[in-house]
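Working notes for the structure below.
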2 protein chains.
Amino acid sequence: MTAGTGGSANKPIQARVIAEMRGRIISGEIDPGALLSELALAEEFGVSRTPVREALKQLQTEGLVEIRPRVGTFVTAPSRREITELFEMKELLEGAAARLLARRGRVPEIDRLQENLAQADAAVARDDRDRYAELVGEFHDLVITGADNRKLEAHYRTLMNQLAYSRLVTTSLSRPGRPGQSDREHHLVVELILEKDGDSAEQVMREHVRASRRALMAGLPLPGRRDD
Amino acid sequence: MTAGTGGSANKPIQARVIAEMRGRIISGEIDPGALLSELALAEEFGVSRTPVREALKQLQTEGLVEIRPRVGTFVTAPSRREITELFEMKELLEGAAARLLARRGRVPEIDRLQENLAQADAAVARDDRDRYAELVGEFHDLVITGADNRKLEAHYRTLMNQLAYSRLVTTSLSRPGRPGQSDREHHLVVELILEKDGDSAEQVMREHVRASRRALMAGLPLPGRRDD
DNA sequence: CAACATTCTCTTGCATGGCAGAGACGGTAG
DNA sequence: CTACCGTCTCTGCCATGCAAGAGAATGTTG
């Protein structure tokens, strides 16, 4: 990433700050709980504190950082309970998306899903976990966008950002045998979508998300901080 | 909520601005499409432009206003398509909440729901639409909070704000016979929740939301601006 | 040595002022 | 009368400066 740091600084400066910070957080480049100093960020980006401050404020409403007044801005560290809730929502939204996509019939996203599956099969065959993780992200993305509901998509993106999912998915796939099973579940979902069987597609998709969650939670160190 | 509007201006000033502006928008006190000038708002609240600006930025991420760079900040007017999408999400979330609530068993929210129904029956009997509209809001609120999922609740609130639902619900209930039917549907949902029949509760809840939407769209002038 | 009060520095919160771009208005030429 | 162009005012955007609260470090006292 970090594309476009050179030259094209034409765009609104503060949007760039937001995008950059969000990228760092969801990629796990910054540890949860870390302090984000307005001043330090301002100096790093070569701008004043004001746009940085506004960027952090927006990231707060997205649930990525927590601003404790007069104290500091910290990267949010989801509690175990929050992670459970987020997965519950993920299951809900992706299931609904699968149903909606099945109802829509043949749309471009379907073709791209099949292409995605082909590449995923190859990645699993050569045990290329990084590539497969990437394809998993694309798969779920395609299902969501294929639902053709911008609001659902927006809420989904917020959700995934809060989960820092791109960091978690590798953990989930490190479980032996998980990539293969995940791939098979993806195939089944697409198959049901092609058959326009919305009910089953939703059901299988939800079960897939639950399985993914189990694989994740099992291989996660996750200090049992506060369960409250 | 909305407690402490009088006197105690001790709290962070900008949070007050956000709450006040949000209230005005979702109550319909400000017409959609209207221009919100930073300067004018700052003078009205007796503060500087900075906190007002940050407040507007937050409202933008909540989807309540649209900031067109170098032009101005405007109250968003959801297109017909967006309204459809929002209701699709509403149906999804409330259905899921009903299911989750049914699974939880006997919790305080259940008692409050039954009390709500009793008062709603009375309101319908004396044809008190304003009071019934209020109770409808409380009913759906109880179902959501009863699901015991903070993330779901947060997304739901965002949704309802974007819909400016409190303004719409009166329109919906102005259809002859609608309050009575709505009340009966509420009764059925609670009944199914009490029986711990999550599947049926979700299904009936979703159907209820669809019916509510139909009653609303029918009685809505809604200039067919852009369907894109 | 331990517990407490105090200062001191760090952080964000808010106010103010200058700047640039977008759109509206009016004047002028055809 | 119409179309075009320059100007002018409006808007948000960003930089800077001051103030206030929170927490840590430290000096003080038992």
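Quick note: numbers below take in every heavy atom, side chains included, and nothing from hydrogens, waters or symmetry partners. Letters A, B, ... are given to chains in the order of the sequence lines, protein chains preceding strands, and every chain is numbered from 1.
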Point to revise | Any pair counted as salt bridge (charged side-chain N to carboxylate O under 4.0 Å, His left out), so long as it reaches residues 58-67 of chain B, sequence neighbours left out | key: R22(B)-E62(B)
Check your understanding: Atom CD of E54(B) and atom P of dA15(D): how far apart are they, to the nearest Å?
Key -> 14 Å
**Study point:** For E109(B), salt bridge (charged side-chain N to carboxylate O under 4.0 Å, His left out) partners two or more places apart
**Key:** none
Review point. Who are the salt bridge (charged side-chain N to carboxylate O under 4.0 Å, His left out) partners of R112(B), not counting sequence neighbours?
Key: none
Report all interatomic pairs (protein N or O, nucleotide N or O of nucleotides 16-22 of chain C) with separations under 3.5 Å.
| from | atom 1 | to | atom 2 | distance (Å) |
| --- | --- | --- | --- | --- |
| dT16(C) | O4 | T50(B) | OG1 | 3.1 |
| dG17(C) | O6 | R49(B) | NH2 | 3.1 |
| dG18(C) | O6 | R49(B) | NH2 | 3.1 |
| dA20(C) | N3 | R70(B) | NH1 | 3.4 |

Review point. In whole Å, what is the span from the CD1 atom of I13(B) to the C1' atom of dT12(C)?
Key: 15 Å
Check your understanding: By side-chain contact (heavy atoms from CB on, under 4.5 Å), which residues pair with S166(B), not counting sequence neighbours?
Key -> none
Check your understanding: Which whole-number value in Å describes the distance from L35(A) CG to dT12(C) P?
Key -> 6 Å
Practice item. For K151(B), check salt bridge (charged side-chain N to carboxylate O under 4.0 Å, His left out) against everything at least two apart and list the hits. Key: E82(A)
Point to revise | Inter- and intrachain pairs under side chain to side chain donor-acceptor pair (under 3.5 Å), touching residues 88-99 of chain B, at least two apart | key: N149(A)-E88(B), K90(B)-E94(B), E91(B)-R206(B), E91(B)-R210(B), E94(B)-H140(B), E94(B)-Y156(B), R99(B)-D199(B), R99(B)-E202(B)
Practice item. Would you kindly give the CZ-to-P distance between F74(B) and dC10(D), to the nearest whole Å? Key: 15 Å
Practice item. Can you establish whether the number of heavy atoms outside R68(B) located under 6.0 Å from its atom CZ is more than 12? Key: no
Review point. Can you tell me how far P of dA15(C) sits from CG of L41(B), to the nearest Å?
Key: 14 Å
Exercise for review: Provide the full list of salt bridge (charged side-chain N to carboxylate O under 4.0 Å, His left out) pairs with a residue in residues 129-139 of chain A, sequence neighbours left out, each pair given once.
Suggested key: R131(A)-E134(A)
Point to revise | Nucleic acid contacts - residues 55-68 of chain A versus DNA chain D, non-hydrogen atoms under 4.0 Å | key: R68(A)
Review point. Does dC14(C) have OP1 or OP2 sitting under 4.0 Å from an N or O in the side chain of Q14(B)?
Key: yes
